[in-house]
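A short write-up of the structure that comes next.
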Amino acid sequence: MTTAEATGYDVEQVRRDFPVLARRLAGDLPLVYLDSANTSQKPASVIAAIEEHYRLHNANVARAMHQIGAEATEAFEGARDKVAGFIGAPSRDEVVFTKNASEALNLVARVLGDAGRVGAGDEIVITQLEHHSNIVPWQQLCQRTGATLRWFGLTPEGRLDLSDIDSLITERTKVVSVAWVSNMLGSVSPLATIIAKAHAVGALVVVDASQAVPQLPVDVSTLGADLVAFTGHKMLGPTGIGVLWGRYELLAELPPFMGGGEMIETVTMERTTYAPPPARFEAGTPPIAQAVGLGAAVDYLSALGMENVAAHEHAITAYALGRLQEIDGLRIVGPSEAVDRGGAISFELAGVHPHDVAQLLDSRGIAVRAGNHCAKPAHACFGVQSTSRASFYLYTTEQEVDALVDGLLHTKKYFGA
Amino acid sequence: MDVDALYQEIILDHYKKPHGAGLREDFDTEVHHVNPTCGDEITLRVHLDGDTVADVSYAAQGCSISQASASVLNDLVVGHSVEEGMTVLGSFTELMQGKGKVEPDEDVLEDGVAFAGVAQFPARVKCALLAWMAWKDAVAQAVTEKEDA
């Protein structure tokens, strides 16, 4: 079956919704954008929604008494409704807007410490495939509290190694934080197993869904996690907005993250009482236009259907895995079959450093990422310092994957590898 | 973008056969420098004999530009005085930060002139400078140690 048959929408038609995909680069070469795990491109409807907000409805939210203030508030809170619906949140008040996924994860690590839910002698469990943003905040929390950080290792194939789950997640464990889909290896984590074990010992489960929400149907009401973080710009939305979803009863028990406007109930010079969630965690003027843009992105994804997006992602990833493995000297770092696998493929090309691979591909208009992809420990696990990474999204075509393969063959020749 | 301007034949030759690579035991100071944006790393040792740079030995992990740059550095500074080496460093840094508008002096930079094209690729300038910044650091430490001794 070709990807065209597997995809429930017309990819060529979808591509016309994305102005940047019509770009031509130096040498009049068409842009082949294979860096969507880094940030996705934006459809015209998202760009138009942001522009319209600034052109016609710009005002601050929640505190303006005038008509356009009401319009801005309605648009901002409307975006919250859309996001809540998109991820199956039982209540709109469980959706907290942040700056990005990193801020959402830092928020969680900070307030769990402040709430006294993690202290000396406690343990926090993460995994070795995490993005740095799901490692560093927990290291910092351990430094502040005297808790200990532990982690799942990886199998040679690049999946989570759960063989020591019983010794890793114990009654000392207070938090388990894990990526749903690895941004480097592409592997999908067995969340159900981890969540069941964590809850059996009374630990909270945090899921970094930055690579999952853009490409999989997500229903937080059945996922079982306590807190879920993701970002807008990887799912067709603008930069500057992320989301923290949390069970309402949990959010309601947690103290604020930052102090400022909008997160209060009442303030005197002596003391302050705090607003309920989500406002409690949204100090200051929020990313209003960004929320509007994210709402438009959610509309776009919903119209395509996330089952279709996931099917396309799977088909194009399977096609790319097959084609890349035709290249002599190319080693995929991560699962080489499209089973429980997201659309990011990291690889090494023997004799050519990833930066040189990326540079040569760029000279042909092909955009990939090279480096450690903010996942240094995952790279260390495979004894590599850096890799090249091609990542796909709902607009990626087989022809673009073919262009990548041709570009890599050219790169090999260029460096005499 | 003319990628051939970046990957000059001289650079690829140095990359494939780096001069003076490896860490040698006779050294005064050792430094480890990292380019956090891309992960390139170098461990570099400097051995001074009076005012003369007797040896620069190194272990580098990174792209062709950063590896070739370390090789050219070895060619240009070993056997010369610290002062001469610093002059070359100044000239190379000026070339790298010149956005492609600085005309390199072949008498000073020798094979280093091949890096002129790198200056047109802002993302790669740090790759070319990694070994040189490590060398500057290591030499400064070595000179200080000798003065203190």
Side-chain angles (χ1 to χ4, degrees), chain A residues 23-32 35 38 131-132 136 184 333 346 348-389 407-408 410-417, chain B residues 1-18 21 23 32-44 58-72 96 99-100 114-131 134:
Chain A
R23 271 278 322 260
R24 299 191 84 82
L25 302 175
D28 199 33
L29 294 162
L31 167 66
V32 175
D35 198 17
N38 206 346
H131 188 281
H132 295 164
V136 182
M184 179 223 161
V333 183
S346 296
E348 285 191 300
L349 192 60
V352 191
H353 191 274
H355 299 152
D356 296 320
V357 170
Q359 191 85 58
L360 257 288
L361 292 175
D362 181 59
S363 75
R364 295 164 75 97
I366 303 163
V368 299
R369 183 165 171 181
N372 59 44
H373 321 310
C374 301
K376 256 190 115 164
H379 277 81
C381 222
F382 292 90
V384 294
Q385 184 213 25
S386 59
T387 54
S388 307
R389 183 187 72 183
L408 289 169
H410 168 72
T411 302
K412 270 185 66 171
K413 205 155 86 207
Y414 194 96
F415 285 96
Chain B
M1 286 292 199
D2 180 11
V3 81
D4 295 334
L6 179 67
Y7 295 115
Q8 300 279 320
E9 210 52 52
I10 296 173
I11 292 182
L12 295 180
D13 287 347
H14 275 280
Y15 170 51
K16 285 170 192 163
K17 291 193 185 115
L23 291 171
H32 181 73
H33 277 219
V34 177
N35 180 351
T37 52
C38 58
D40 282 359
E41 295 184 34
I42 190 166
T43 301
L44 184 140
Y58 60 93
Q61 266 198 312
C63 65
S64 58
I65 304 296
S66 71
Q67 303 269 40
S69 177
S71 171
V72 168
M96 284 303 96
K99 300 188 167 117
F115 288 81
V118 176
Q120 296 164 37
F121 293 81
R124 306 305 292 275
V125 167
K126 274 190 182 166
C127 309
L129 285 176
L130 181 67

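What you are looking at is a predicted structure, and each value in this text was computed from that prediction instead of being measured. Below, chains carry the letters A, B, ... as their sequence lines are ordered, and counting in each starts from 1.
Residue A/Val357 does not touch chain B at all, counting heavy-atom pairs closer than 4.5 Å. Within the 4.5 angstrom heavy-atom criterion, atoms from both the backbone and the side chain of B/Glu41 approach chain A.
Residues A/Asn372 and A/His132 form a side-chain contact, since some pair of their non-hydrogen atoms from C-beta on lies under 4.5 Å apart.
Remark: the backbone N or O of A/Ala375 is not paired with any side-chain donor or acceptor of A/His373 at under 3.5 angstrom.
Of the residues listed (B/Ser64, B/Ser71, B/Ser69), the one engaging B/His14 in a side chain to side chain contact (heavy atoms under 4.5 Å, CB included) is B/Ser71, and it is the only one.
Contact count versus chain B (heavy atoms, under 4.5 Å) is highest, among A/Val352, A/Asp356, A/Leu25, A/Leu29, for A/Asp356.
By the 30° and 60° cut-offs, the orientation of the rings of B/Tyr7 relative to A/Phe415 is perpendicular.
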